[in-house]
Q: 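My questions will all concern the structure given below.
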Amino acid sequence: MQSPDDVAAAIGRNVRALRQQRRMTIDALAAASGVSRGTVIQIETARGNPSISTLVHLAEALRVGVTSLVDGDAAPRVVIRRAEQAVPLWSSAEGSTAVFRIGTDPPDVVELWDWTLQPGDSFEGEAHAVGTREVLSVLRGKLGLRVGATTHELAEGDTVLFEAHTPHRYSGVGASPVRFTMVVLQPGDSGLVPPSAIAPAEPE
């Protein structure tokens, strides 16, 4: 059984982490939970064990169960998705593919994609929520990238980071297929579009 000090440390760590993930200030959490600002500070700094009622109110404000607040396992979470578990979510008649490798849940979304575009094939990406960024790294071939009205060409080994709140387009350039990885970074949970909503490529 955990000691009171261990319990207080776990609760403080979990409340602070969940509050920060939800972009809440201490004052905002206090207002949403009905718990005083001083009590929230005491809890986050492990200077006392909160009552059951306080835990329930904090859990409701943070949109989690009480278990998430008292979980004392400080080991880092590790999620492994094996190659055979990867999900192909888009393909074209030309043989291009977009494979969803792994991702996180809201509020802070990170997605890893593995793309292959055949020569001359392309994909039209819709505008994401403001604040969303994409990072592309070309593993093989040449990639054409259009962000808004600006076009770029990336060769093998090139990497680009761009703000993705405007329509964008990926194209296979040259005589060989292009393969690239894509990381989507979307802070917060506004405007979330799940991977299953990916649309087919539009013809030029």
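Below, all heavy atoms of this structure are taken into account, side chains as well, without hydrogens, waters or symmetry copies.
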Q: Side chain to side chain contact (heavy atoms under 4.5 Å, CB included) for Phe180 and Leu139? Distances and angles first, verdict last.
A: CA-CA 5 Å; Phe180 62 98; Leu139 305 177; 5.6 Å; no

Q: Give the table of side-chain donor-acceptor pairs shorter than 3.5 Å for residues 141-160, with sequence neighbours excluded, one pair per line with atom names and distance.
A:
from: Arg146; atom 1: NH2; to: Glu124; atom 2: OE1; distance (Å): 3.4
from: Asp158; atom 1: OD2; to: Ala155; atom 2: N; distance (Å): 2.7
from: Thr159; atom 1: OG1; to: Ser137; atom 2: OG; distance (Å): 3.1

Q: Give, for atom CH2 of Trp115 and atom CZ of Arg179, the distance between the pair rounded to the nearest 0.5 Å.
A: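 That separation rounds to 13.5 Å.
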
Q: Identify the heavy atoms of Ala129 and Thr132 that sit nearest to each other, and give their distance.
A: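 Reported closest heavy-atom pair: O-OG1, 2.8 Å.
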
Q: Is there a path from Ile102 to Phe100 through hydrophobic residues (I, L, V, M, F, W, Y) whose side chains come within less than 4.5 Å of each other?
A: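 No; tracing contacts between hydrophobic side chains, which count when under 4.5 Å, never links both residues.
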
Q: Look at Glu111 together with Arg101 and state whether they make a salt bridge at an N to O cut-off of under 4.0 Å.
A: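 The answer is no: the pair does not qualify as a salt bridge.
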
Q: Where do Gly174 and Pro119 come nearest, in terms of heavy atoms and distance?
A: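 Looks like O-CB, 3.2 Å.
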
Q: Cluster question for you: counting only ILVMFWY and a side-chain heavy-atom cut-off of under 4.5 Å, with indirect links fine, are Val66 and Val64 together?
A: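 Yes.
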
Q: For Arg16, does the CZ atom sit with more than 12 other heavy atoms under 6.0 Å from it, leaving out its own atoms?
A: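 Yes, the 6.0 Å shell around CZ holds more than 12 heavy atoms from other groups.
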
Q: If you measure from CG on Leu69 to CG on Leu18, what distance do you get to the nearest 0.5 Å?
A: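 Reported value, rounded in 0.5 Å steps: 6.5 Å.
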
Q: Would you name the heavy atoms of Met24 and Ala32 that are closest together and state the gap between them?
A: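 Heavy atoms only, the tightest pair is CE-CB, 4.1 Å.
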
Q: For Leu185 and Pro187, work out which heavy atoms get closest and say how close.
A: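 Where Leu185 meets Pro187 most closely, the heavy atoms are O-CD, 3.8 Å.
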
Q: Could you give the distance from OG (Ser36) to CG (Asp27), rounded to the nearest 0.5 Å?
A: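 Atom-to-atom, Ser36:OG and Asp27:CG are 11.0 Å apart.
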
Q: Output yes when a side-chain donor or acceptor of Thr104 lies under 3.5 Å from a complementary backbone atom of Val110, and no otherwise.
A: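 Yes.
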
Q: Check for a donor-acceptor pair, side chain of Gln20 on one end and backbone N or O of Ala17 on the other, with a separation under 3.5 Å.
A: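 Not a single qualifying donor-acceptor pair exists.
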
Q: Determine yes or no for a side-chain-to-main-chain donor-acceptor pair under 3.5 angstrom, with Ser171 supplying the side chain and Val173 the backbone.
A: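 Judged by distance alone, no pair lies under 3.5 Å.
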
Q: Count I, L, V, M, F, W, Y as connected when their side-chain heavy atoms are under 4.5 Å apart, and connections chain through other members. Are Val178 and Val99 then in the same cluster?
A: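 Cluster IDs for Val178 and Val99 differ.
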
Q: Would His128 and Glu134 count as a side-chain hydrogen bond (donor to acceptor under 3.5 Å, both in side chains) here? Give the steps.
A: CA-CA 10 Å; His128 296 289; Glu134 292 189 10; 3.0 Å; yes

Q: Is there a path of hydrophobic side-chain contacts, each under 4.5 Å between heavy atoms of I, L, V, M, F, W or Y residues, that connects Val7 with Ile43?
A: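 Val7 and Ile43: one cluster.
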
Q: Please confirm whether the backbone N or O of Thr166 pairs with a side-chain atom of His168, one donor and one acceptor, at under 3.5 Å?
A: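 Flag set: sc His168 to bb Thr166 pair under 3.5 Å.
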
Q: Could you go through Asp121 and Ser96, starting from their C-alpha distance and side-chain angles, then the distance that decides it, and tell me whether this counts as side-chain hydrogen bond (donor to acceptor under 3.5 Å, both in side chains)?
A: CA-CA 7 Å; Asp121 204 1; Ser96 300; 2.6 Å; yes

Q: Can you tell me how far apart CG (Leu62) and CD (Gln21) are? Round to the nearest 0.5 Å.
A: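 Here the rounded value is 9.5 Å.
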
Q: Hey, can you tell me if Trp90 and Phe123 have their rings parallel, tilted or perpendicular (30° and 60° cut-offs)?
A: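 Rings of Trp90 and Phe123: perpendicular, as their planes differ by over 60°.
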
Q: Closest heavy-atom contact between Gln118 and Glu94?
A: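 In terms of heavy atoms, the two residues are closest at CG-O, 3.1 Å.
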
Q: Using links of under 4.5 Å between side-chain heavy atoms of ILVMFWY residues, direct or through other members, which residues join Val78 in one cluster?
A: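 Listed partners: Ile80.
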
Q: Please report the interatomic distance CG(Leu55) to CD(Glu60), rounded to the nearest 0.5 Å.
A: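 Reported to 0.5 Å precision, the distance equals 11.5 Å.
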
Q: To the nearest 0.5 Å, how far apart are CD1 in Ile41 and CG in Leu29?
A: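 Going from CD1 on Ile41 over to CG on Leu29, the span is 11.0 Å.
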
Q: Please assess Arg63 against Arg22 for the test side chain to side chain contact (heavy atoms under 4.5 Å, CB included), listing each intermediate value before the final yes or no.
A: CA-CA 10 Å; Arg63 304 191 304 278; Arg22 283 151 179 73; 3.8 Å; yes

Q: Identify the two heavy atoms, one from His165 and one from Ala127, that lie closest to each other, and give their separation to 0.1 Å.
A: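 Here His165 and Ala127 meet closest at O-CB, 3.4 Å.
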
